[in-house]
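Letters A, B, ... are given to chains in the order of the sequence lines, protein chains preceding strands, and every chain is numbered from 1. Everything numeric here is computed off the predicted structure, so don't read it as measured data.
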Number of protein chains: 2
Amino acid sequence: MTTKKKTKDLILDAAEELFAIRGFYGVSIRQITTKADVDPALASYHFGKKKDIFDAVMLRRAEILNRERIQTLDDCIRRAKPNPAPLHEIIDAFTHALLNRSNKGGKGWRSYFAIIAQINNHPELGGIIMSQYFDPLAKKFLQAIRANMPDANDEDLYWCYHFLSGALTLTFSGTERINKLSDGLCASSDLDAVHERLVPFITAGFKAFMRPFGHQ
Amino acid sequence: MTTKKKTKDLILDAAEELFAIRGFYGVSIRQITTKADVDPALASYHFGKKKDIFDAVMLRRAEILNRERIQTLDDCIRRAKPNPAPLHEIIDAFTHALLNRSNKGGKGWRSYFAIIAQINNHPELGGIIMSQYFDPLAKKFLQAIRANMPDANDEDLYWCYHFLSGALTLTFSGTERINKLSDGLCASSDLDAVHERLVPFITAGFKAFMRPFGHQ
DNA sequence: AATATATTTCAACACTTGTTTAATTTTTGC
DNA sequence: GCAAAAATTAAACAAGTGTTGAAATATATT
């Protein structure tokens with residue numbers, strides 16, 4: 001028995017889809033409420049300012065993702081005890097939930113990640129919400145890596161994380177330039193193919209700077 | 001004798017700076033012309049529609065960059081003859097001009113790359129201009145890598161390029177999250193530090209998939 | 001110097017923007 | 001069933017949107 005969707009969610013769904021395509025400034029409240037088949041005033045009534053709608057869109061799935069990713073990382077660390085977790089498993093834990101949802105989570109999730117891809121390169125909008133939810137996880141992730149590579153240089157470590165972040169988020173954007181560049185050789189939507197390659201690519205990048213635990 | 005700047009360039013400069021901060025939809029023509037200290041009607045007169053202003057902003061520096069990067073890549077290939085160019089030199093050729101301009105080119109260039117960082121994750125806006133100028137270079141770059149790694153798998157190669165592209169453009173965005181995450185350990189503006197790390201990171205990533213020429 | 005072309009100005013266009021107000025309807029708790 | 005609270009509607013707000021047209025000025029060409 002699926003009850004009728006509440007107005008709040010109708011608005012968030014519509015906003016999510018539109019923000020993904022045209023960005024925050026490229027979408028008007030009337031476009032959102034029209035798509036949601038709802039009166040424009042309800043957006044203000046339920047959320048307040050336009051930016052608050054955007055924040056609500058971000059928040060909704062960030063909570064889910066955050067729980068999932070922390071869990072995966074913890075599992076991976078626990079499994080390896082008393083040794084530090086292997087690097088490629090840490091990176092897999094960091095990326096898997098994201099790519100999986102992006103690939104198999106349906107249209108809503110795909111839109112959500114498209115927004116993240118924009119925001120990650122545009123700090124003014126990501127703002128508090130994103131930092132609040134993703135920075136703690138990033139720190140946890142970096143701690144896990146450090147446990148694996150105790151002699152790692154701080155700056156090296158953070159830049160490597162930065163590169164990972166960039167490679168990952170560009171993938172979310174769903175750009176089809178890959179397709180064009182490869183003359184159609186790549187099915188850009190097959191995110192399993194991405195995951196298979198992203199993890200070893202990034203792992204190798206990290207290892208270029210630091211010898212992992214157990215190797216000399 | 002520096003002649004007074006022409007209106008066209010005044011508009012482009014202002015547009016460039018504003019687009020970098022708030023994106024295409026977040027900037028109005030009146031904001032641009034006000035910043036340029038110029039009548040709003042002049043924007044239409046000189047460029048046409050708003051999108052045409054944006055395209056002109058993109059075009060102006062794309063031409064310069066394109067020339068520079070092709071030259072660097074060709075030099076690097078010529079130097080190595082008759083052998084294929086070393087992988088890290090190819091990647092350096094691909095990134096150096098960009099990071100250098102972004103770092104030492106002044107405010108205009110920094111704005112320009114911030115726009116690219118947004119566009120790279122947002123195909124609707126990048127559109128024809130960017131593909132037209134950057135795709136041919138990307139192909140040249142991939143050819144050079146293939147010469148180095150003749151047995152490289154096509155799909156692997158293109159995904160690796162994708163990761164490089166993501167890591168590179170995120171760097172352009174000038175996000176300061178790195179700073180926050182590292183508790184201020186990283187000076188995010190020091191792009192020399194980026195370059196020192198980006199090239200080995202990416203090189204290692206590529207090599208994870210393909211043995212370079214000469215190594216077995 | 002006179003003509004032709006290019007540029008600039010100012011005002012206005014019709015339309016959309018985010019947000020608010022007050023009246024009305026629906027839902028809730030008792 | 002009744003009162004209180006929540007949700008929805010419709011209309012309006014001032015401000016800003018991209019773009020255009022015609023008149024005025026500056027520049028270039030002969």
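When rounded to the nearest whole Å, the span between OH of Y45(B) and P of dT8(C) equals 7 Å. R30(A) has its CZ atom 15 Å from the P atom of dT9(D), to the nearest Å. dT27(C) atom P lies 18 Å from atom NZ of K8(A), rounded to whole Å. Rounding to whole angstrom units, OH of residue Y25(B) and C1' of dG16(D) are separated by 18 Å. Distance I53(B) CD1 to dT19(D) P: 8 Å, rounded to the nearest Å. Counting to the nearest Å, the P atom of dA7(D) and the CD1 atom of I11(A) are 11 Å from each other. Between L18(A) atom CG and dT17(C) atom P there is a gap of 12 Å when expressed in whole angstrom units. Whole-Å rounding puts the D39(A) CG to dA23(C) P distance at 17 Å.
For dT8(D), the OP1/OP2 oxygens have a side-chain nitrogen or oxygen of H46(A) closer than 4.0 Å. Using a 4.0 Å cut-off, some side-chain N or O of T7(A) falls inside it from OP1 or OP2 of dT8(D). Phosphate proximity of dT20(D) to S44(B): absent, as no side-chain N or O sits under 4.0 Å from OP1 or OP2. For the pair K49(B) and dT20(D), the criterion of a side-chain N or O lying under 4.0 Å from OP1 or OP2 is met.
Set against dT17(C), dT9(C), dT19(D), the side chain of K50(B) has dT19(D) as its closest nucleotide.
Base engagement by A41(A) is indicated by at least one non-hydrogen atom pair under 4.0 Å involving a base atom.
In this structure, F201(A) has its ring center at least 6.0 angstrom away from the ring center of F163(A).
Between K35(B) and D13(B) there is no salt bridge, since no side-chain N of the basic residue sits under 4.0 Å from a carboxylate O of the acidic one.
Residues L98(A) and F113(A) form a side-chain contact, since some pair of their non-hydrogen atoms from C-beta on lies under 4.5 Å apart. Within the 4.5 Å cutoff, the side chain of I119(A) has heavy atoms near those of the F54(A) side chain.
Formation of a donor-acceptor pair under 3.5 Å by the R61(A) side chain with backbone atoms of V57(A) is not found in this model.
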